[in-house]
2 protein chains.
Amino acid sequence: MAPRKHELVEAAIGYLVEHGLADLSLRPLAAAAGTSARLLIYHFGSKERLLAEVLDTLQSRLRASFDAVSAAGQEGEAPLQTFWKWAISRRSFPSLRLLYELQILAAQKPESYGRYLERNSRDWLELVRTALPPAERTDAMATLLVAVFDGLFLELVSTGDRRRTTEALDEFVRIVRRARGGGTPA
Amino acid sequence: MAPRKHELVEAAIGYLVEHGLADLSLRPLAAAAGTSARLLIYHFGSKERLLAEVLDTLQSRLRASFDAVSAAGQEGEAPLQTFWKWAISRRSFPSLRLLYELQILAAQKPESYGRYLERNSRDWLELVRTALPPAERTDAMATLLVAVFDGLFLELVSTGDRRRTTEALDEFVRIVRRARGGGTPA
DNA sequence: CGTTACATGTAACGTCCGTTACATGGCGCC
DNA sequence: GGCGCCATGTAACGGACGTTACATGTAACG
């Protein structure tokens, strides 16, 4: 990829993360990136392809970061808590927030954003499922874990209350451990 | 309120529920309602005030429906399950989906939609908190319950899988009951 | 030096947007 | 019948949008 184009992708990621994507338009994005709408079209072909490239980049970057953190969990800490700490870190949080917005918009307008949903939802579920201890490796349990994470993350996005949402997650982990009488929940 | 205006609010609710609000524009809405953009502005003053009126109507209607169902829970069923059945019913689901979209958009663009967040999030939390048995009446527990509900609902919105999300909720209720050794979770 | 390819600037196109100006209905009231 | 008020239709405004046409710069290469 041309180096200039790469810079533009970086700038676009920064702009999207800050402004959301529901009302994205080229001219303000271009101004923020120090270029012009003309050049964005020149480099990417169309707004749609620009979005595709930017979001794909962001998604794979987050996936890589996620894989890295999933390898190195703290002792005595449930994987769910490891992921939570990663998700709410200053580096990951804004990007994840953007991807949750994408998820919602895709659900309401699949003809515009549907292509970003195909992999994502099922992949995450399967990933969580295989991380579960075999005795609990059910669709219901995996779905529940994903939902707890998603729900708390969105609560955090809405209210900004890191402490309360983190305590709620800890409470969940405690409840699961109590229910099975010890062990490490995912 | 003028009867014609009331009809327009109804039509707008139907349109919004179907098309989402991220890219709402007056002319298609007017066409679907059998009128013209001119008349929408005439009756409501501006697009913004139309949205305010429509969303307020929708919110208070859902709140009333919620209160009604919260009074009449099934025996042996956790309140959370009662609300879930209500939420995924054909009548409530599309409206709730719209309000979740509103929530996300408000988080990304508070200057446009922020006014809809002030009451909502804190109110729900407090409502759930007071419904909890005193021993568990903590912010963490209330936050967790709200998050489980929200997370599962959004998973349902994204995937449409009623069975799996409902089973996940049942699994959660089972886990909570096991953790406390019987009783009725909220 | 001339050519070629990529990069960029300026300006416009056509379309949609929310909103407004202006004219015209219908309908009760004096 | 005239008058006023609410409702409505037609058409336009100014502005933003994604995109394009066209000209110009710049730098590498023969």
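In the text below, chain A, chain B and the rest are named by the order of the sequence lines, each starting its count at 1. Both backbone and side-chain heavy atoms feed into the values below; hydrogens, waters and symmetry mates do not.
Residue A:Pro28 is the one, among A:Pro28 and A:Gly45, whose nearest nucleotide of DNA chain D lies closer to the 5' end (criterion: closest heavy atom). Both B:Ser25 and A:Tyr42 lie near DNA chain C, and the one whose nearest nucleotide falls closer to the 5' end is A:Tyr42.
Distance, A:Arg38 CZ to D:dC22 C1': 10 Å, rounded to whole Å. Regarding A:Arg27, its CZ atom lies at a distance of 9 Å from the P atom of D:dA16, rounded to whole Å. Taking atom NZ of B:Lys47 as the reference point, atom P of C:dT20 lies 14 Å away to the nearest angstrom. When rounded to the nearest whole Å, the span between CZ of A:Arg4 and P of C:dG9 equals 9 Å. In this structure, B:Leu50 places its CG atom 10 Å from P of C:dT19, rounding to the nearest Å. At whole-Å resolution of the value, CZ in A:Arg49 and C1' in D:dG18 are 13 Å apart. Spacing between atom CG of A:Leu24 and atom P of D:dC17 amounts to 10 Å, rounded to whole angstrom units. Between the C1' atom of D:dT20 and the CG atom of A:Leu40 lies a distance of 15 Å, rounded to the nearest Å.
In the displayed structure, B:Glu111 atom CD is contacted under 6.0 Å by more than 12 heavy atoms of other residues, nucleotides or ligands.
For the atom pair CZ (A:Arg97) and CZ (A:Phe153), the distance works out to 8.0 Å, reported to the nearest 0.5 Å.
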Just do the side-chain contact (heavy atoms from CB on, under 4.5 Å) check on B:Asp139 and A:Glu167 with the steps written out, would you? CA-CA 9 Å; B:Asp139 272 3; A:Glu167 284 173 359; 5.7 Å; no
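Exactly one residue among B:Arg63, B:Arg61, B:Arg115 makes a salt bridge (charged side-chain N to carboxylate O under 4.0 Å, His left out) with B:Asp56. That residue is B:Arg115.
The nucleotide whose nearest atom lies closest to any side-chain atom of A:Ser46 is, among C:dC17, D:dA7, D:dT19, D:dT19. Counting only heavy atoms from C-beta on, B:Ile41 has its side chain closest to C:dT20 among C:dT20, D:dG9, D:dT19.
Remark: D:dG30 base-pairs with C:dC1; criterion is Watson-Crick or G-U wobble with both hydrogen-bond distances under 3.5 Å. When both distances must be under 3.5 Å, the Watson-Crick or G-U wobble mate of D:dG4 is C:dC27.
No side-chain donor-acceptor contact under 3.5 Å links B:Glu155 and B:Thr165.
The side chain of B:His43 contributes an N or O atom lying less than 4.0 Å from OP1 or OP2 of D:dT8.
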